[in-house]
Amino acid sequence: MLWDVFPTALDLARFQFAFTVTFHFLFPAFTIGLASYLAVLEGLWIWTGRALYLDLFRYWLKVFAVNFAMGVVSGIVLSYQFGTNWSVFSDRTGPVLGPLLGYEVLTAFFLEAGFLGVMLFGLGRVGRGLHFAATCLVAIGTLISGFWILAANSWMQTPAGYVLSPEGRFLPDDWWEIVFNPSFPFRYLHTITGAYLTTAMIVGAVGAFHLLRDRANARARVMFSMAMWMATAVAPAQAVFGDMQGLWAVHYQPQKVAAMEGHWETQRGAPLLLFGLPDMERQETRLALGIPRLGSLILTHEWDGEVRGLKDFPPEARPTNVPLVFWSFRIMVGLGVLMIALGMVSLWLRWKRALHERDWFLRWALAMGPSGLLAVTFGWITTEAGRQPYTVYGHLTTAESVSPIALPAVATSLVLFIVVYFVVFGAGIWYLFRLFRHPPEAEERGAESEPPIRSAGITPAPSVNPDRAAEARPQPAE
């Protein structure tokens with residue numbers, strides 16, 4: 001029938017959540033790494049006394065403020081969807097996931113909110129030491145936030161520490177097992193290093209952009225050098241953590257791994273497929289191009305290890321979109337390889353004392369600016385699409401989790417989300433690019449250097465301590 005080709009309410013609810021969570025994930029991926037980078041910059045300024053680091057701190061603090069705000073706003077939307085589109089999921093998993101998300105608010109969000117104002121506006125008001133502590137606490141808050149969010153999501157991947165009530169609700173039995181479920185440690189490390197790489201790629205791209213315009217810009221040289229150090233150190237570590245996560249997935253989610261690899265038949269000495277077109281109807285990967293035995297070596301660490309194929313599992317337990325899982329995984333890995341290569345080449349150019357002098361390398365770094373965002377996005381797609389058809393892996397399907405909501409209601413909210421997101425967040429992203437285009441300068445102005453704005457009333461007390469404001473004022477660059 002003609003109407004069979006139209007999406008159902010379940011399809012649109014899934015797409016709506018995928019759209020909003022993917023859009024949201026871009027901002028925390030940058031925020032987590034940038035918060036730590038700001039703490040390093042301020043620490044270097046206090047330690048060395050060089051105003052250059054303070055200038056870079058103020059430059060990136062403006063970017064952090066805008067990005068943090070967009071991340072918070074886009075994240076609030078997700079909570080509403082749990083009640084509107086996924087009420088059955090919320091009811092059945094609420095006893096486990098509710099406290100985890102509540103802990104994220106009570107620990108991470110309160111910590112960030114409590115010290116963000118000091119970080120943004122307090123440098124000339126509270127002194128260097130307390131301001132640096134506030135910056136560090138905000139950075140720690142982002143890491144704690146990632147901890148609880150990844151604990152909740154990892155529990156959905158590898159549920160543990162629960163008992164099922166007669167009504168089918170997941171009730172907590174052991175909170176240690178719930179939080180530190182089997183997939184959590186590897187996924188947390190993999191995600192956090194991905195956030196650091198995302199920041200390194202963006203900072204490196206901005207530095208490269210300004211170096212191509214002015215090779216003598218000392219602040220652009222420093223930010224570019226720091227970004228390349230981060231890429232050199234973190235990109236290989238990211239690959240190691242990814243391998244650890246892959247070994248976990250082979251044990252706990254073999255059908256997801258089979259979809260990632262494009263294998264339909266169980267085999268020993270399985271090849272690593274570089275290219276192919278998975279065909280779910282014919283249950284084969286057409287035009288497959290691979291390297292013999294390398295797949296088994298990577299997945300099992302044995303030359304002749306056995307890799308299970310999708311045909312080993314009933315159709316209802318396989319990922320619902322094998323081509324999406326297959327290609328999103330390859331895009332993620334390909335971008336990771338490029339980031340490792342960028343870091344290694346930067347190390348060679350640094351040894352040749354030509355890190356800032358090669359136009360081709362600066363253009364390469366500039367082109368790699370969005371690579372971290374793309375890599376974490378496609379990695380997230382691989383993880384979530386590979387978990388289908390379940391929301392709680394092996395226990396609660398997506399079809400069982402959706403609210404009894406009508407198709408027109410979901411379609412209307414989806415259209416409104418798309419329009420509002422592209423208008424509001426499009427404007428925010430456009431403003432971020434305006435900030436990026438501004439070159440880092442000596443005596444970069446920060447929020448604490450502006451006179452306070454009062455909407456009403458007067459106060460006889462000065463809002464800015466003149467002595468502390470002088471402390472925060474950068475000295476002439478060396």
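Predicted model only: the values in this text are computed from it and were never measured.
Between Arg221 and Glu357 a salt bridge is recorded (basic side-chain N to carboxylate O distance below 4.0 Å). Under the 4.0 Å criterion applied to side-chain N and carboxylate O atoms, Asp359 and Arg215 are assigned as salt-bridge partners.
When only modelled atom types and interatomic distance are considered, Thr193 and Gln238 share a side-chain donor-acceptor pair under 3.5 Å.
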Item to complete: Might you work through the side chain to side chain donor-acceptor pair (under 3.5 Å) test for Glu42 and Thr135, ending with a clear yes or no?
Response: CA-CA 8 Å; Glu42 188 171 8; Thr135 304; 2.7 Å; yes

Discussion item. Apply side chain to side chain contact (heavy atoms under 4.5 Å, CB included) to residues Gln267 and Glu306 and explain how you reach the verdict.
Written reply: CA-CA 6 Å; Gln267 55 188 311; Glu306 182 179 88; over 6 Å; no

Practice prompt. Please report the C-alpha distance between Thr397 and Glu316 in whole Å, then the side-chain angles of each, then the deciding distance to 0.1 Å, and finally whether the side chain to side chain contact (heavy atoms under 4.5 Å, CB included) criterion is met.
Written response: CA-CA 10 Å; Thr397 66; Glu316 64 273 12; over 6 Å; no

Discussion item. Does Phe25 form a ring-ring contact (aromatic ring centres under 6.0 Å, His included) with Trp380? I'd like the steps, not just the answer.
Written reply: CA-CA 9 Å; Phe25 191 48; Trp380 193 259; 4.7 Å; yes

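The heavy-atom pair separating Val410 from Ala13 by the smallest distance is CG1-N, 3.6 Å. Nearest approach of Gln157 to Ser183, heavy atoms of both residues: CB-OG, 4.1 Å. When all heavy atoms are compared, the tightest approach of Leu272 to Glu261 is CD1-OE1, 3.6 Å. Nearest approach of Leu355 to Phe224, heavy atoms of both residues: O-CE2, 3.7 Å. Contact between Phe170 and Pro95 at its shortest, heavy atoms only, is O-CB, 3.3 Å. In this structure, Val179 and Ala151 approach most closely via the heavy-atom pair O-CB, 4.0 Å.
Seen from the ring of Phe433, Arg437 does not count as a face-on cation partner, given the 6.0 Å and 45° thresholds.
In terms of modelled atom types and a separation under 3.5 Å, the side chain of Ser328 and the main chain of Val325 share a donor-acceptor contact. Remark: the backbone N or O of Ala160 is paired with a side-chain donor or acceptor of Trp155 at under 3.5 angstrom. Judged by distance alone, with hydrogens and angles left aside, the side-chain atoms of Arg92 form no donor-acceptor pair with the main-chain N or O of Ser401 at under 3.5 Å. In this structure, Arg350 contributes its side chain and Ser225 its backbone to a donor-acceptor pair below 3.5 Å. Under the 3.5 Å distance criterion, the side-chain polar atoms of Thr266 are matched with a main-chain donor or acceptor of Gly309. In terms of modelled atom types and a separation under 3.5 Å, the side chain of Thr20 and the main chain of Phe17 share a donor-acceptor contact. One N or O on the side chain of Ser90 and one on the backbone of Phe82 form a donor-acceptor pair closer than 3.5 Å. The backbone N or O of Val240 sits nowhere less than 3.5 Å from a side-chain atom of Asp243 that would complete a donor-acceptor pair. Between the His24 side chain and the Gly71 main chain, a donor and an acceptor come within less than 3.5 Å of each other. Looking at Glu112, its side chain does come within 3.5 Å of a backbone N or O of Thr142 through a donor-acceptor pair.
Checked against the 6.0 Å centroid criterion, the rings of Phe209 and Phe436 do not qualify as a close aromatic pair. Aromatic rings of Phe275 and Trp327 (six-membered ring for Trp) have centroids within the 6.0 Å cut-off, being under it. No close placement of the Tyr252 and Tyr393 rings is indicated, their centers lying 6.0 Å or farther apart.
A distance of 5.5 Å separates CE in Met368 from CE in Met201, rounded to the nearest 0.5 Å. Taken from CD1 in Ile405 to OG in Ser87, the straight-line distance is 8.5 Å, to the nearest 0.5 Å. Taking CE of Met228 as the start and CG of Leu349 as the end, the distance is 10.5 Å to the nearest 0.5 Å. Here Thr398 contributes atom OG1 and Arg14 contributes atom CZ; the two are 5.5 Å apart, rounded to the nearest 0.5 Å. In this structure, CG on Leu100 lies 10.5 Å from CD on Glu104, to the nearest 0.5 angstrom. Here CG of Leu150 is found 4.0 Å from OG1 of Thr191. Values are rounded to the nearest 0.5 Å.
Of the candidates Thr199, Thr198, Asn67, Thr31 forms a side-chain hydrogen bond (donor to acceptor under 3.5 Å, both in side chains) with just one, namely Asn67.
Ring orientation note: the planes of Tyr421 and Phe19 are tilted relative to one another, at an angle of 30° to 60°. The aromatic rings of Trp364 and Trp360 sit parallel, their planes meeting at an angle under 30°, below the 60° perpendicular limit.
Put simply, the side chain of Ser145 does not reach to within 4.5 Å of the side chain of Phe109, judged on heavy atoms.
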